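Written out below as C-alpha cells is the structure these notes cover.
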Amino acid sequence: MDDARRDELERRTRHQPEAVEARLFERWERECGFSGEPESDRERFVIPLPPPNVTGELHMGHALNGTIQDTLMRLRRMQGYDTLWICGTDHASIAVHAVIEKQLRAEGTNRFELGREAFIRRVWEWRRATGATIIQQFKRLGCTLDYDHERFTMDEGYVRAVLEMFVRLYGKGLIYRDNRIVNWCPGCGSTVSDLEVRHEHAADALYEVRYRIAGTEDFLTVATVRPETILADTAVAVHPDDDRYTHLVGKTAIVPIVGREVPIIADEYVKTDFGTGALKITPGHDPNDFEIGRRHGLEELSVIGFDGRMNDAAGEFAGLPVAEARQRVIDRLFDEQLLVGEQPYEHEVGHCDRSGDRIEPLISLQWFMEMQSLAAAANAEVRAGRARFIPKNQENIYFHWMDNIRPWCVSRQLWWGHQIPVWYCPDGHQTVATETPEACAECGSAELERDPDVLDTWFSSSLWPFATLGWPEPTERLAVYYPSNVLVTARDIINLWVARMLMMGLEFMGERPFSDIYITSIIQAADGRRMSKSLGTGVNPLDLIDRYGADGTRYGLLKMSSTQDVRFAEGMIDEGGKLANKLWNASRFVLLKAEADASPSPEAATVEDRWILSRLAGTTDEVLRLLEGYEFAAAVKALYAFIWNDFCDWYVEASKSRLYGDDAAGRRSVSSTLLWVLERTLALAHPAMPFVTEEIWGFLPGDRAMLLVSPMPQPELGHRDRDLDEQARADQEVVSEARYLAGRGTTPQVIAAPGFLFRDLLERIPGVVIVDDVDAAASSVVAAEDRASLEAKLAEAIAERDRATAKLANEGFTSRAPAQLVEAEREKAERYAAEASELERRLNGS
RNA sequence: GGGCGCAUAGCUCAGCUGGGAGAGCGUCCGCUUCACGCGCGGAAGGUCACAGGUUCGAGCCCUGUUGCGCCCACCA
C-alpha cells in the first residue's frame with residue numbers, strides 16, 4: 001500500500017456510506033456491468049424483477065424485495081453463474097389513469113374532452129418526462145439489475161407479445177366475448193377482475209318484503225339488502241326440499257312496485273336457514289342470481305347503469321343514485337304495506353381495490369378468458385414440485401384460488417394499455433389479428449372498427465418472464481435465460497400475478513417460468529398497522545439509506561425478513577449501519593497494522609489461529625447454506641456474530657500481542673492470518689452488504705478484480721474443529737469472569753488448563769494470577785483472596801455434579817435418551833466432580 | 001365463513017428434527033485501552049399469553065381458550 005492510501009485509511013476513522021456508495025455503484029456499472037453473457041456457457045441464474053408500476057416510488061416492500069433479490073444475484077454471480085436480473089416497469093393502466101386524469105381535472109378538463117389519441121400522447125409525454133424514477137431508486141439500494149435492457153410493458157416489442165398472446169388464446173377458444181355479470185367500478189368507469197375487489201365491512205339493513213302469489217291473497221316473504229334491485233327481479237327462488245314452500249314452486253309471484261309476474265323456482269343454492277328461506281332473483285345485479293338465472297333460463301334485466309345511477313328501465317326511479325333509489329323503494333314498499341321487516345345487518349361488500357368505490361355487479365358485454373385448463377396445468381406443475389413455494393405453506397393461497405378458478409374478465413374500459421386486437425365490421429363479425437386488418441375476415445367488409453377496450457394490466461404482466469426476453473421472436477436471450485430460477489414477491493400478488501405467470505409460461509413456453517417462488521415477509525409499521533402512504537404509516541427506504549447507508553438498510557431488511565408479518569424495527573437497520581462501521585474499522589486495523597509484506601494466508605501458528613480459522617470455515621459454510629436456503633435473517637445474524645464477536649472482540653484483540661511483539665516471524669504469521677480472515681469475510685458479507693465490503697476490498701494488497709465479480713470462497717472445512725469452538729466458548733467465559741472479579745477489586749486467580757485460548761487477554765487483566773495446571777480438565781477462575789466466592793463455586797460445582805448424577809440415576813432418561821446425550825451427561829458429572837474436588841483441595845490448602 | 005401466521009427480557013425479534021432461555025436496542029456500573037465512543041469491559045432484567053395433555057424431560061409436540069396481524073370468500 002502506498003503512503004497516500006495509508007494516509008487515507010488513517011484519516012477515515014468512520015465508514016461514511018454517503019461518501020462511497022454512489023461512486024462504487026458507478027464503477028460496478030461501468031467496469032463490470034450487469035447484463036449477463038448469453039454467449040458464455042456458464043450455468044445461468046435468472047431472476048425476473050416484479051415490475052413496479054411506472055407511477056411508483058420505492059417503498060418498503062420494494063426495498064425488501066430488491067435487497068433479497070440482489071443478495072441472491074450477488075451470491076450467484078460470485079459463485080460463477082452467468083447472472084441476469086430482468087429489469088423494467090409495468091404500465092399500470094388504472095394507476096396511470098388516476099395520475100393523468102387528476103392533472104386533467106386540475107386543468108378543468110377530462111379525458112373525454114381531450115380524446116383518446118391526445119390522452120395517450122399525454123401519457124407518453126408524462127412518462128418520458130418523469131421516466132421510471134423507481135428504477136433509479138433501486139440503484140441507491142445497490143441493486144445489480146440489467147439496466148441496459150430495461151423493459152416496459154408498453155414498449156413496442158412487449159405490445160406485440162401481448163397481442164400475440166391474445167390472438168393465440170382466442171384461436172384456441174380460451175378467450176371469448178360474452179354478456180356476463182362483471183364487477184363494475186363506477187369510479188373507474190371500468191370493469192375490474194374478482195381479484196381487484198376488496199371486501200369491506202358494511203353496516204346495512206336486511207329487509208323483509210312480501211311478494212304476492214299470483215291469483216291468490218297469499219304472500220311470499222323474501223329477505224334482501226338491496227331493495228332497489230327488486231325492480232329487476234325475474235324470479236323468486238326457494239330450496240327444493242323446503243317444506244314451507246314446495247307447494248309454491250311453479251306458481252307465479254308478483255314483483256312489488258313494478259307488478260311483473262315472475263316464476264317461483266326451486267334451486268339448491270337457496271339456504272333454508274337464512275332470512276325467510278325465499279330469495280328474490282336479480283340476474284342483472286347479483287353474481288349468484290346471475291348463475292341461478294342462467295341455470296333456469298331467466299330474463300336478465302338491468303336497472304342500474306354504468307354511471308352508478310338507476311337507468312331508464314327503473315321507471316320513476318330513473319336517474320337516481322343507487323343509495324337514494326334504495327330509500328325511495330323502501331318508502332314505497334312501506335306505503336304499500338309490503339315491507340314487513342327491517343333489521344340491522346352487517347356484512348362484507350365488494351369495493352374497488354383502486355378507487356374504493358362500491359362495486360356494482362352488472363351484466364355487460366366483455367372479453368373473458370377461460371382459466372380451468374390453464375390452471376390445471378399450472379397446478380400439476382406445483383403439485384409435482386417443479387415450481388415450489390418457499391415457504392411451502394404459501395402454496396395454500398395459490399391452490400385455494402386455482403382450485404376454484406372462474407373465468408377472468410380481461411377487458412377494461414380504459415385507454416392506457418394494450419388495446420384489444422379485435423376489429424368489428426358493421427355486421428358484427430370479429431376479426432382478431434396482431435396487425436390492423438384490411439378487411440373483415442368473414443365478410444370482407446373494409447369498414448372495420450377496433451374494440452375500444454384495453455386489457456387488464458395483469459394480462460400483460462403474465463408474460464413478463466419471457467416477453468422481456470424477446471418472445472415471440474426466438475431470440476438468443478430467450479433461449480438462454482428462460483426459464484428463470486427464482487421469483488421473489490409478496491403474497492398479495494400470488495394469484496394476481498404468480499399464478500398467471502405460471503399458466504402463461506406453461507402455455508406459451510411449455511415450461512414453468514421459474515422453479516422457486518420465494519414469498520417475502522410483509523413489513524408492517526412499527527405500531528402493527530399496515531404500512532401505507534395514506535395512513536401516514538409508511539417509512540421511506542431512501543430516508544433510511546440516507547441515514548444508515550444502503551448496507552445498513554439491506555442488513556436490517558434481511559434481518560426483519562424471518563416471519564410472514566413483521567413490524568418495522570429501525571433498530572435492525574441501525575445495527576446494520578453499525579456493523580458496516582465495525583467492519584470498516586476492523587479492516588483499517590488489519591490493513592494498517594499488518595506487516596507490509598504479509599499476504600493473505602491461513603497460518604495456524606497458535607491455538608487462537610486455529611480457532612478463528614475453524615470459526616471462519618464454520619461461518620462460511622453456515623452463511624452460504626442459509627443464503628441458498630432463503631434464510632436471510634439467520635444468514636445475516638451469523639455474519640454479525642462472526643464479524644463482531646469472534647473476529648473483532650476476540651481474535652483481533654488476541655492478535656495484538658503478536659502483532660505488536662518483537663518476534664518478526666510471529667508478526668508476519670499473524671498478519672497473514674488476519675488478512676486471510678478479512679479477505680474471506682468481505683467476500684462472504686458482500687451479497688448482503690455490498691458497498692462497505694467493496695470499499696475495503698479496494699485497499700487489500702495485490703491486484704484484484706472488484707469484489708462484485710470475485711469468487712465466493714468455499715468453506716474450508718478442513719479448518720473446522722468443533723471441540724476447539726467449544727473450548728473457546730468456555731475459555732471466553734473464564735476471561736469474562738476474571739475481568740468481572742478484577743473489576744470488583746479482587747485478584748482473580750485462573751487455573752489454566754493446557755491449550756488455554758486468549759492467554760494474552762487474560763494477562764492484560766490487572767492483578768490476575770495465572771496458574772498453569774496440566775492436570776486440569778477445564779480452566780476455571782476464582783478470586784484468590786475471596787474465600788467466600790471459592791465456597792460458592794464449590795457449592796455450585798457440587799450442585800451441578802449432583803444434578804447430572806441424579807439425571808443419570810433416572811432410569812427413564814438413561815433408557816430413552818439418545819446415547820450421546822447420556823454420554824454428555826456422564827462427562828458433565830465427571831467434570832463437575834473433578835472441579836469440586838479441585839476446589840475442595842484449594843480451599844483446604846489456602 | 002375458510003386459510004396462513006404471531007404472542008419469549010422494557011422495545012424489536014432469534015431459538016434447528018423436544019435434552020439446562022439468546023441477540024440487538026434501551027437501562028445501570030466502569031473505561032480519553034495505541035481499529036472503531038456508531039467504541040471497550042461488566043451487570044441487572046424472562047411463570048417462554050392462558051388452561052389441559054403426551055413424555056424420563058416441553059418455549060418447541062397435541063387439544064382447547066384469549067388477544068392480534070394478514071390473505072381468501074357469491075348466504076340474500
Side-chain angles (χ1 to χ4, degrees), chain A residues 9-10 13-15 181 194-195 197 199 206-207 222-226 229 237 269-271 273-282 286-291 345 347-348 350 361 391 393-394 396-397 399-401 404 406 491-492 494-495 521-522 524 526 528-530 548 552 559-560 562-572 574-593 631 633-634 637 640-641 644-645 648-649 652-653 656 660 736-737 739-740 742-744 764-765 800 803-804 807 810-818 821-822 824-825 828:
Chain A
L9 270 186
E10 295 273 9
T13 59
R14 276 172 19 189
H15 172 54
I181 197 144
D194 293 343
L195 287 173
V197 176
H199 292 85
L206 185 62
Y207 302 94
V222 307
T224 182
V225 289
R226 301 207 58 188
T229 64
Y269 172 78
V270 184
K271 305 284 181 293
D273 56 356
F274 188 89
T276 61
L279 174 62
K280 71 183 209 59
I281 302 298
T282 321
D286 183 281
N288 302 310
D289 293 5
F290 178 80
E291 297 297 332
Y345 183 63
H347 62 150
E348 303 292 313
N393 58 25
Q394 300 295 338
N396 293 332
I397 296 174
F399 281 127
H400 181 256
W401 186 68
N404 299 292
R406 292 192 294 167
R491 67 180 182 285
D492 52 355
I494 286 178
N495 297 328
S521 309
I522 288 182
Q524 302 167 334
R529 285 187 296 169
R530 201 187 159 77
Y548 300 99
K559 187 142 187 210
M560 272 180 251
S562 54
T563 47
Q564 74 171 14
D565 298 309
V566 64
R567 292 183 181 203
F568 178 72
E570 193 158 322
M572 290 188 183
D574 185 41
E575 191 180 316
K578 285 180 174 166
L579 179 61
N581 184 56
K582 188 74 175 174
L583 191 53
W584 169 252
N585 276 299
S587 305
R588 282 178 63 230
F589 169 80
V590 172
L591 292 166
L592 290 170
K593 298 293 158 52
E631 295 192 58
K637 194 181 155 135
Y640 184 98
W644 203 298
N645 304 124
C648 294
D649 289 350
V652 165
E653 291 306 323
K656 285 180 179 174
Y660 294 137
S736 296
E737 198 165 344
R739 280 171 177 155
Y740 172 60
R744 287 200 322 181
R764 273 192 243 161
I765 299 169
E800 294 289 351
R803 185 148 46 184
K807 203 160 178 183
N810 176 347
E811 216 173 294
F813 176 72
T814 49
S815 62
R816 308 268 184 101
L821 201 61
V822 177
E825 208 62 34
K828 201 181 282 183

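In the text below, chain A, chain B and the rest are named by the order of the sequence lines, each starting its count at 1. A quick note: this is a predicted structure, and the numbers were derived from the prediction, not measured. Only this structure's heavy atoms are used, side chains among them; waters, hydrogens and symmetry mates stay out.
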Does OP1 or OP2 of [N] have a side-chain N or O of [X] closer than 4.0 Å?
| X | N | answer |
| --- | --- | --- |
| Arg14(A) | C36(B) | no |
| Lys656(A) | A35(B) | yes |
| Tyr345(A) | A76(B) | yes |
| Asn393(A) | G5(B) | yes |
| Tyr660(A) | A35(B) | yes |
| Arg491(A) | G69(B) | no |
| Thr229(A) | A76(B) | no |
| Thr13(A) | A35(B) | no |
| Trp644(A) | C40(B) | yes |

Name the closest nucleotide to the [X] side chain, picking from [options].
| X | options | value |
| --- | --- | --- |
| Lys271(A) | C75(B), G5(B), G39(B) | C75(B) |
| Arg739(A) | A14(B), G42(B), U55(B) | G42(B) |
| Met572(A) | C40(B), U12(B), G42(B) | U12(B) |
| Lys582(A) | G39(B), C34(B), C13(B) | G39(B) |
| Glu348(A) | C70(B), A73(B), G19(B) | A73(B) |
| Phe274(A) | C56(B), U12(B), A76(B) | A76(B) |
| Gln524(A) | G69(B), G39(B), A35(B) | G69(B) |
| His400(A) | C13(B), C72(B), C4(B) | C72(B) |
| Asn396(A) | G42(B), C36(B), C4(B) | C4(B) |
| Arg588(A) | C36(B), C75(B), G24(B) | C36(B) |

Below 3.5 Å is the cut-off: list the nitrogen or oxygen pairs between protein and nucleotides 27-33 of chain B, distance only.
none

Protein-nucleotides 57-61 of chain B N/O pairs closer than 3.5 Å?
none

Tell me what [X] touches on the nucleic acid: a base, only sugar-phosphate, or nothing, going by heavy atoms under 4.0 Å.
| X | answer |
| --- | --- |
| Tyr740(A) | sugar-phosphate |
| Val590(A) | nothing |
| Asp565(A) | base |
| Ser736(A) | sugar-phosphate |
| Glu570(A) | nothing |
| Gln564(A) | base |
| Gly576(A) | nothing |
| Ser562(A) | sugar-phosphate |

Rounding to an integer number of angstrom, what distance separates G57(B) and G18(B) when you compare their C1' atoms?
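Here G57(B) and G18(B) have their C1' atoms 8 Å from each other.
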
C61(B) to G24(B) separation - C1' atoms, rounded to the nearest Å
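It comes out at 30 Å once rounded to the nearest Å.
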
With the threshold set at 4.0 Å, does a side-chain nitrogen-carboxylate oxygen contact exist between Asp565(A) and Arg491(A)?
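Arg491(A) and Asp565(A): salt-bridged.
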
Measuring from atom CG of Asn495(A) to atom CG of Asp194(A), what distance do you get when rounded to the nearest 0.5 angstrom?
11.0 Å

Nearest 0.5 angstrom please: Met572(A) CE to Lys559(A) NZ, how far?
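Separation between the atoms: 5.5 Å.
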
Which pair of heavy atoms, one from Arg588(A) and one from Leu9(A), lies closest together, and at what distance?
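Where Arg588(A) meets Leu9(A) most closely, the heavy atoms are NE-O, 2.7 Å.
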
Where Thr13(A) and Asn585(A) come nearest, the two heavy atoms and their spacing:
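Smallest heavy-atom distance, with atoms named: O-OD1, 3.1 Å.
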
base_contact_polar (A35(B) base, Glu10(A) side chain, donor-acceptor, <3.5 Å):
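Looking at the base of A35(B), it does not pair with any donor or acceptor on the side chain of Glu10(A) (distance under 3.5 Å).
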
Residue set satisfying side chain to side chain contact (heavy atoms under 4.5 Å, CB included) with Phe274(A), at least two apart, ordered chain then number -> Leu206(A), Lys271(A), Tyr345(A)

Does Lys582(A) make a cation-pi contact with Tyr640(A) (under 6.0 Å, within 45 degrees of the axis)?
no

Who is the Watson-Crick or G-U wobble partner of U32(B), with both distances under 3.5 Å?
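Base-paired to nothing in any strand shown.
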
